[in-house]
Amino acid sequence: MSDAVIVNSSRLKSIVWNDFDRVKKGDTFVAICRHCKKKLSGSSTSGTSHLRNHLIRCQRRSNHGVAQYFSAKDKKKEGSLALVTIDQEQKNDEVLSIVNLRYEQEQIKSEHVGIGSNSLDQRRSQFDLARMIILHNYPLAMVEHVGFKIFVRNLQPLFELVTRNKVEADCMEIYAKEKQKVYEIFDKLPGKISVSADVWTASEDDAAYLSLAAHYIDENWQLKKKNLNFVTIDPSYTEDMHSEVIMNCLMDWDIDRKLFSMIFDSFTSDNIVERIRDRLSQNRFLHCNGQLFDVRCAVDLLNRIAHDALEALCEITQKIRESIRYVKSSEATQATFNELADEVQVETKKCLCIDNPLKWNSTYFMLEAALEYRKVFSCLRDRDPVNMKFLLSDPEWDRLITVTSFLKLFVEVTNVFTRSKYPTANIFFPEICDIHLQLIEWCKNPDEYISSLALKMRKKFEEYWYKCSSGLAVAAMLDPRFKMKLLEYYYPQLYGDSATELIDDVFECIKSLYNEHSIVSPLASSIDQGLDWQASGIPGSGKDSRDRLMGFDKFLHETSQAEGSSSDLDKYLEEPLFPRNVDFNVLNWWKVHTPRYPILSMMARNILGIPISKVAAESRFDTGGRMLNHNWSPLPPTTIQALMCSQDWIRSELES
């Protein structure tokens, strides 16, 4: 810059010029940092914001005193910010470009620089970083990646970068704090807890993990889920060891006495369940002698019987895949196929595509679309018998039609079960009963191929029905749109002349469950919101542990029952059904009607909170199990548990 002239800086009013020399070269002004010699735009139209920003990041200048550049005078809203790009190596110190970036006034207003006022909270920023890693499954080692370090240094030079070990320690601290919050929630719960057990695997090795999650209805009648544990399980574990791992987790959370039911996969050993139930029954923690304790996942059942159907169609499905591959093999073949579709007047808009073997519903959609083009495939075979030799025969098409109708039902019911993130137990009974009725009909099919498949599926279904039908029926009874009428509608279709006896058995279970809830709190009318006169604004009207008339209250409750006054259950069943409508929310209904049915509402809270299905919506059609994220699988087991549980808790908090 031999022809450059240094401009007298005394005429420049901004304080930033104490650290810059303003140089004129021809008609261009350049500002040169006195510390690092970097060249920026010195034009009067560029303002000084870019010079301030450079001083914040200047590696050769101490951050001490940066605050002076952000005085009240300099915080006026500016309409533009100059950005100068200077390539020192290639352009020999020439200014390449000056780009004016227009900012909205709100952005400039919020551009208040915490750095300048020395207000950076290092600890809080570290925890924010750790929470981000937890929320998004990022690898802990990302904090040591070069790109991340550059990004953070440019974004906030005052932030002290942390190591992988440090961010892991921060994650563990977050886990400890969040776990304490969950402890406190469980301690104050008005009802019982149901726990689901799920097995995860890691993609890199054969490691397996047991995931336990608590499901409950909170004081606001909202269905909630909280992950409890994510522990390593060894394939060599015996059934006793598996049950012991689960019991230890329950006792660690101090919820063994609050447990109502547990939900398992269909393939979980009955012996494991029995051992846990026996341990809990010894202390009389379970209602109805544990009759409702063992629940199996409904979506898992549907996946298993859908797998049976697809297995029966294995050869047919492969022929369909080959036919679709041939149609898609060239543009000419695809064009011929489309012409034939127009000739036979196919009205469907469905596209032919190969399925994803990891999602069984995609195989159903492939088969369903192929059926729509059955005539087109036949015409294509007539034109090209050599390449279409794998086309289905007429009996195979007929079987495909029947089995696809099975799959259609399973897809529809699975979607109903997973429509809501946290479905309540009352929605399952009618859907499961419909599947039961269909299986009975399918077993009567004259085609042995179809009837043998139906018998295989029905056997799996009846194993599920034997364990879960009582719980499903009780949950349906607690839906004011159905009450006992739904049982009276379905059971005669399922059991014929035996229906009345079986309905009576269910009602005995309901009465037993109601009586147990009544005994737990004989003064249930004061629970949740109390009787009207108790909640009528009397200061300190809560129960006093020294109240000498509590015995009288119990006596009054017992004698009134003996004298034949209607119980909650009687009143509920005697009243008309609530009209069925699409927007009905059963939990809102019970929240509103708790004062009228104080004991029955306690029972509803525990029953409706049972997770009849534990499969997440995004995994409902998966043919494999849940996989641990590859970023976390190499970590120590305690860290994996901390990350998985914390992620669930933080996400729940954000959603609420």
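Computed from heavy atoms alone, side chains included, the values below leave out hydrogens, waters and symmetry copies.
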Student: How about Asp240 and Thr238: does a side-chain donor come under 3.5 Å of a side-chain acceptor?
Tutor: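 Short answer, no.
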Student: With no hydrogens and no angle check, is any side-chain donor or acceptor of Lys192 less than 3.5 Å from a backbone partner on Arg257?
Tutor: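 It does hold such a pair.
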Student: For a quick check under 3.5 Å, do Asn415 and Arg620 share a side-chain donor-acceptor pair by atom type?
Tutor: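 Indeed, the side chains of Asn415 and Arg620 share at least one donor-acceptor pair under 3.5 Å.
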Student: Does the ring centre of Phe230 sit less than 6.0 Å away from the ring centre of Trp200?
Tutor: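 Ring centroids of Trp200 and Phe230 are less than 6.0 Å from each other.
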Student: Quick check: closest heavy atoms across Ser633 and Ile640, and the distance to 0.1 Å?
Tutor: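 What the structure gives for the nearest pair is O-CD1, 3.8 Å.
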Student: When rounded to the nearest 0.5 angstrom, what distance separates OG in Ser469 from CG in Leu487?
Tutor: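 Spacing of OG (Ser469) from CG (Leu487) equals 9.5 Å.
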Student: Does the distance from a Lys or Arg side-chain N to an Asp or Glu carboxylate O, for Arg651 and Glu655, drop under 4.0 Å?
Tutor: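 No.
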Student: So that I can tick it off, tell me whether Glu244 and Arg279 are bridged by a salt bridge, with the cut-off set at under 4.0 angstrom between side-chain N and carboxylate O.
Tutor: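 Between Glu244 and Arg279 there is a salt bridge, with a charged N closer than 4.0 Å to a carboxylate O.
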Student: I'd like to check the ring-ring contact (aromatic ring centres under 6.0 Å, His included) partners of Tyr138; sequence neighbours left out, ordered by chain and number.
Tutor: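 In terms of ring-ring contact (aromatic ring centres under 6.0 Å, His included), with neighbours along the sequence ignored, Tyr138 is linked to His136.
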Student: Is it true that Glu463 and Lys460 have a side-chain N and a carboxylate O under 4.0 angstrom from each other?
Tutor: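 Lys460 and Glu463: not salt-bridged.
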Student: Do Trp590 and Phe578 make the cut of ring centroids closer than 6.0 angstrom?
Tutor: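 No, the ring centres sit 6.0 Å or more apart.
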Student: Donor-acceptor check, side chain of Glu516 to backbone of Cys288, threshold 3.5 angstrom: yes or no?
Tutor: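 Answer holds: yes.
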Student: Under a plain distance cut-off of 3.5 Å, with no hydrogens placed, do Asn227 and Gln647 share a side-chain donor-acceptor pair?
Tutor: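 No, Asn227 and Gln647 have no side-chain donor paired with an acceptor closer than 3.5 Å.
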Student: Search all heavy atoms of Asn229 against all heavy atoms of Cys249 and return the closest pair with its distance.
Tutor: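 Nearest pair, atom of Asn229 first, then Cys249: OD1-CB, 3.4 Å.
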Student: For Phe621, which of Phe410, Phe417, Trp360 qualifies under ring pair (Phe, Tyr, Trp, His ring centres under 6.0 Å)?
Tutor: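 Single pass found, and it is Trp360.
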Student: Nearest 0.5 Å, please: how far is NZ in Lys177 from CH2 in Trp649?
Tutor: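 Trp649 CH2 to Lys177 NZ: 14.0 Å, rounded to 0.5 Å.
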Student: If only atom types and distance count, is the side chain of Lys467 paired as donor or acceptor with the main-chain N or O of Asp294 below 3.5 Å?
Tutor: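 A pair under 3.5 Å: no.
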Student: Can you tell me how far apart CG (Asn271) and CD (Glu239) are? Round to the nearest 0.5 Å.
Tutor: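 These two atoms lie 4.0 Å from each other.
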Student: With side chain to side chain contact (heavy atoms under 4.5 Å, CB included) as the test, would you mind laying out the steps for Leu292 and Ser470 before giving the verdict?
Tutor: CA-CA 7 Å; Leu292 305 179; Ser470 295; 4.0 Å; yes
Student: Looking only at atom types and distance, does a side-chain atom of Thr418 sit under 3.5 Å from a main-chain N or O of Thr414, one as donor and one as acceptor?
Tutor: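 Yes, because the side chain of Thr418 sits within donor-acceptor range (under 3.5 Å) of the backbone of Thr414.
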Student: Could you tell me whether Lys179 and Asp252 make a salt bridge, using a distance below 4.0 angstrom between a side-chain N and a carboxylate O?
Tutor: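 Salt bridge: yes.
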Student: If you take all heavy atoms of His215 and Gly609, which pair is closest and at what distance?
Tutor: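 Closest pair (atom of His215, atom of Gly609, distance): CB-O, 3.7 Å.
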Student: Go through it in stages, so that I can follow the logic: the residues are Val474 and Met603, the test is side chain to side chain contact (heavy atoms under 4.5 Å, CB included), and I'd like the CA-CA distance, side-chain angles, deciding distance and then a yes or no.
Tutor: CA-CA 10 Å; Val474 175; Met603 179 171 149; 4.1 Å; yes
Student: Strictly below 4.0 Å, N to O, side chains only: are Glu311 and Lys456 in salt-bridge contact?
Tutor: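 Between Lys456 and Glu311 there is a salt bridge, with a charged N closer than 4.0 Å to a carboxylate O.
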Student: For Ala169, check side-chain contact (heavy atoms from CB on, under 4.5 Å) against everything at least two apart and list the hits.
Tutor: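 For Ala169, no residue satisfies side-chain contact (heavy atoms from CB on, under 4.5 Å) once neighbours in sequence are set aside.
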Student: Within the 4.5 Å heavy-atom criterion, are Ile440 and His436 side-chain neighbours or not?
Tutor: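 SC-SC contact between Ile440 and His436 confirmed.
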Student: Trp465 and Ile432: side chain to side chain contact (heavy atoms under 4.5 Å, CB included), yes or no, with the steps?
Tutor: CA-CA 9 Å; Trp465 182 256; Ile432 294 294; 3.7 Å; yes
Student: Please report the shortest heavy-atom distance between Arg596 and Lys571, naming the atom on each side.
Tutor: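 Here Arg596 and Lys571 meet closest at O-NZ, 3.5 Å.
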Student: Looking at Leu600, is its backbone amide N or carbonyl O close enough to the side chain of Asp568 to form a donor-acceptor pair, meaning the two atoms are under 3.5 Å apart?
Tutor: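 A pair under 3.5 Å: yes.
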Student: Grab the two heavy atoms, one from Arg626 and one from Ala616, that are nearest each other, plus how far apart they are.
Tutor: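 Distance-wise, the nearest heavy atoms are NH1-CB, 4.3 Å.
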Student: Are Leu628 and Met644 close enough that some pair of their side-chain heavy atoms sits under 4.5 Å apart?
Tutor: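 They are in contact (side-chain heavy atoms under 4.5 Å apart), so the answer is yes.
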Student: Between Leu573, Leu486, Ile607, which is the residue that forms a side chain to side chain contact (heavy atoms under 4.5 Å, CB included) with Met477?
Tutor: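 Going through Leu573, Leu486, Ile607 one by one, the side chain to side chain contact (heavy atoms under 4.5 Å, CB included) with Met477 is satisfied by Leu573 alone.
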Student: Is Glu508 salt-bridged to Lys511, cutoff N-O under 4.0 Å?
Tutor: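 Between Lys511 and Glu508 there is a salt bridge, with a charged N closer than 4.0 Å to a carboxylate O.
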Student: Under the 3.5 angstrom rule, does the side chain of Asp234 hit a backbone N or O of Ser236 as a donor-acceptor pair?
Tutor: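 Yes, because the side chain of Asp234 sits within donor-acceptor range (under 3.5 Å) of the backbone of Ser236.
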Student: Do side-chain atoms of Trp253 reach the backbone of Tyr183 as a donor and acceptor pair under 3.5 angstrom?
Tutor: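 Flag not set: sc Trp253 to bb Tyr183 has no pair under 3.5 Å.
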Student: Check whether any side-chain heavy atom of Leu250 lies under 4.5 Å from a side-chain heavy atom of Ile246, and answer yes or no.
Tutor: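 Touching, per the 4.5 Å side-chain cut-off.
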Student: So that I can tick it off, tell me whether Arg277 and Glu274 are bridged by a salt bridge, with the cut-off set at under 4.0 angstrom between side-chain N and carboxylate O.
Tutor: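 The answer is yes: the pair qualifies as a salt bridge.
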Student: Parallel, tilted or perpendicular for His593 and Tyr597, by the 30°/60° rule?
Tutor: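 Parallel, since the angle between the ring planes stays under 30°.
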Student: Does the side chain of Leu437 come within less than 4.5 Å of Leu494's, by heavy atoms?
Tutor: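 Counting from C-beta outward, Leu494 and Leu437 do come under 4.5 Å.
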Student: Rounded to the nearest 0.5 Å, how far apart are OG of Ser567 and CD of Glu574?
Tutor: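 Taking OG in Ser567 and CD in Glu574, the distance rounds to 8.0 Å.
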Student: Using distance alone, with no hydrogens and no angle criterion, decide if Asp198 and Tyr209 have a side-chain donor and acceptor under 3.5 Å apart.
Tutor: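 Distance-only check fails for Asp198 and Tyr209.
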Student: Does a side-chain heavy-atom distance below 4.5 Å link Ile650 with Ile174?
Tutor: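 Side chain of Ile650 against side chain of Ile174, heavy atoms only: contact under 4.5 Å found.
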Student: Please indicate whether Asn585 has more than 12 foreign heavy atoms, meaning atoms of other residues, nucleotides or ligands, lying under 6.0 Å from its CG.
Tutor: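 Buried by this count: over 12 neighbours within 6.0 Å.
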Student: Do Lys226's NZ or CZ and the ring of Phe186 fall within the cation-pi criteria of under 6.0 Å and 45°?
Tutor: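 Ring-cation test returns no.
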Student: Quick check for you: to the nearest 0.5 Å, what is the distance between Thr638 atom OG1 and Gln641 atom CD?
Tutor: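 Reported value, rounded in 0.5 Å steps: 8.0 Å.
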Student: Quick check: closest heavy atoms across Ile133 and Val167, and the distance to 0.1 Å?
Tutor: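 Nearest pair, atom of Ile133 first, then Val167: CD1-CG2, 3.7 Å.
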Student: Just wondering, do Leu643 and Cys171 contact through their side chains at under 4.5 Å, heavy atoms?
Tutor: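 Yes. Closest side-chain heavy atoms under 4.5 Å.
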Student: Quick check for you: to the nearest 0.5 Å, what is the distance between Leu569 atom CG and His517 atom NE2?
Tutor: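 The CG atom of Leu569 sits 12.0 Å away from the NE2 atom of His517.
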Student: Within the side chain of Arg605, is there an N or O that forms a donor-acceptor pair under 3.5 Å with the backbone of Asp218?
Tutor: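 Yes; judged by distance alone, with no hydrogens or angles, the pair exists.
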Student: Is it true that Arg296 and Asp265 have a side-chain N and a carboxylate O under 4.0 angstrom from each other?
Tutor: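 Salt bridge flag = no for Asp265 with Arg296.
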Student: Taking the side chain as every heavy atom from C-beta outward, state whether Cys297 and Val615 have any pair of such atoms under 4.5 Å apart.
Tutor: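 Cys297 reaches Val615 side chain to side chain.
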Student: Mind running side chain to side chain contact (heavy atoms under 4.5 Å, CB included) on Ile217 and Lys224 for me, showing each step along the way?
Tutor: CA-CA 6 Å; Ile217 295 174; Lys224 300 289 186 180; over 6 Å; no
Student: Are side-chain heavy atoms of Ile435 and Tyr464 found at a separation under 4.5 Å?
Tutor: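 When only atoms from C-beta onward are counted, Tyr464 and Ile435 do not touch, as no gap falls below 4.5 Å.
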